[in-house]
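Written out below as structure tokens is the structure these notes cover.
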Number of protein chains: 2
Amino acid sequence: MGVVRKTKHLEQVLRVFRQSSDPLSARMLLDALPNEVNKSTVYRMLDKLEDDGVIHSFMTLEHIRFYALCKGCSSGQRVDSHAHFQCTSCKRVSCFSDEIVLPIPEKARITSVQVLFTGQCQSCLS
Amino acid sequence: MGVVRKTKHLEQVLRVFRQSSDPLSARMLLDALPNEVNKSTVYRMLDKLEDDGVIHSFMTLEHIRFYALCKGCSSGQRVDSHAHFQCTSCKRVSCFSDEIVLPIPEKARITSVQVLFTGQCQSCLS
DNA sequence: ACATTGTTGCAACCCAGTTGCATTAATTTT
DNA sequence: AAAATTAATGCAACTGGGTTGCAACAATGT
Ligand SMILES: [Mn+2]
Ligand SMILES: [Mn+2]
Ligand SMILES: [Zn+2]
Ligand SMILES: [Zn+2]
């Protein structure tokens, strides 16, 4: 079951996501929230928002889950995936703007795809 | 630093990987090994094998790391990625045989890509 | 205002993965 | 072959992301 009631915390969570250009982990979100919020509460909000399709999540190399606002995959049919990138030096996670079109395997009923590029970001290269 | 000495455990680990068509988690590997092996040892062997490029790893939705033998990305240049699939019902993880060709973003020096499809496998559908 | 029920905080818990250290075993040197 | 060297192993304690049961609280409908 997704979000039902519009609570203060929920509004703040959504505001933090909108103001961030990058995906966030639960820990980063906790630190970014203006009020002190219990971590259980944060995890439960994230679960519900994902249930509702408002956010997507994906795992990074350090087995930490990151979350980002969904930007329009909701329309249904196609399995869309905007890819993500993690810098192996500074560990920062970011979105790739370009949509990636993937051939969908026939062997199963695919409902989502996660693409994670890794390497070194510009600032870590220079 | 990668593997240096050819120990009994290491041979058994490689044998298990060769006999398995699917990627394995550390837990699955532990259970598949003929001898009782300490989990720290297993994790350390996996680390070293990945350092050496013998195996690749990727995270699944339940934040569990899976490992699979590298099948020929070693030749260098191209960022190759054979995609993986996890069934959301039975949680089984498998490889997709078809190589996936991805446009490599210019914004960073990409060294690897992970692609994880999720959905329902054939047997869970029927 | 009241009843209903979703949400929150708390504390305890789970589990994948890590780490420090003493012991063991593979490889090199003599 | 024996000794020396050092990588690999087992163990136990630990870390940290994430979960869960439950009582207290707060949003929503009437
Ligand atoms: Mn989306
Ligand atoms: Mn490979
Ligand atoms: Zn970086
Ligand atoms: Zn299945």
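In what follows, chains are A, B, ... by sequence order, proteins preceding strands, each numbered from 1.
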*In this structure, which one of Ile55(A), Val13(A), Leu29(A) forms a side-chain contact (heavy atoms from CB on, under 4.5 Å) with Tyr67(A)?*
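The option that passes is Ile55(A).
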*Please confirm whether any donor atom in the side chain of Arg44(A) sits under 3.5 Å from an acceptor in the base of dT19(D), or the reverse.*
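Absent.
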Whole angstrom is fine here: how far is it from [atom1] in [X] over to [atom2] in [N]?
X        : N       : atom1 : atom2 : value
Met28(A) : dG18(D) : CE    : P     : 12 Å
Met59(B) : dG17(D) : CE    : P     : 13 Å
Asn38(B) : dA12(D) : CG    : P     : 9 Å
His63(B) : dT15(D) : NE2   : C1'   : 14 Å
Glu62(A) : dT15(D) : CD    : C1'   : 15 Å

*Contact residues, residues 7-19 of chain B to DNA chain D [heavy atom, < 4.0 Å]*: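 Correct list: Thr7(B), His9(B).
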*Mind checking which nucleotides bracket the chain B contacts on DNA chain C, 5' to 3', with an atom under 4.0 Å from a heavy atom?*
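Both ends considered, the range comes out as dA16(C) to dT27(C).
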_Pick the closest DNA chain C nucleotide for Ser25(B) and for Ser40(A) by heavy atoms, then say which residue is nearer the 5' end._
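Mapping each residue to its closest nucleotide by heavy atoms, the 5'-most match is Ser40(A).
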*Kindly indicate whether the side chain of Cys121(A), heavy atoms from C-beta on, has any atom under 4.5 Å from the side chain of Ser89(A).*
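No; the side chains remain at least 4.5 Å from each other.
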*Within the structure shown, what part of the strands sits under 4.0 Å from Lys39(B) by heavy-atom distance: base, sugar-phosphate, or nothing?*
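Contact class for Lys39(B): base.
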_If the condition is side chain to side chain donor-acceptor pair (under 3.5 Å), which residues does Thr118(B) pass it with, not counting sequence neighbours?_
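Counting only residues at least two positions away or on another chain, Thr118(B) forms a side chain to side chain donor-acceptor pair (under 3.5 Å) with Ser112(A).
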*Under the side chain to side chain donor-acceptor pair (under 3.5 Å) test, which residues partner His84(A), sequence neighbours left out?*
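Listed in chain order: His82(A).
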*Sequence neighbours excluded, every pair satisfying ring-ring contact (aromatic ring centres under 6.0 Å, His included) that has a member inside residues 95-115 of chain A*: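 Residue pairs passing ring-ring contact (aromatic ring centres under 6.0 Å, His included), neighbours aside: Phe85(A)-Phe96(A), Phe96(A)-Phe117(A).
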_Nearest atoms (heavy-atom pairs only) where Cys87(A) meets Gln120(A)_ =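 Closest approach of Cys87(A) to Gln120(A): SG-CA, 4.0 Å.
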Validation: residues 41-49 of chain B side-chain donor-acceptor distances under 3.5 Å, sequence neighbours left out:
none

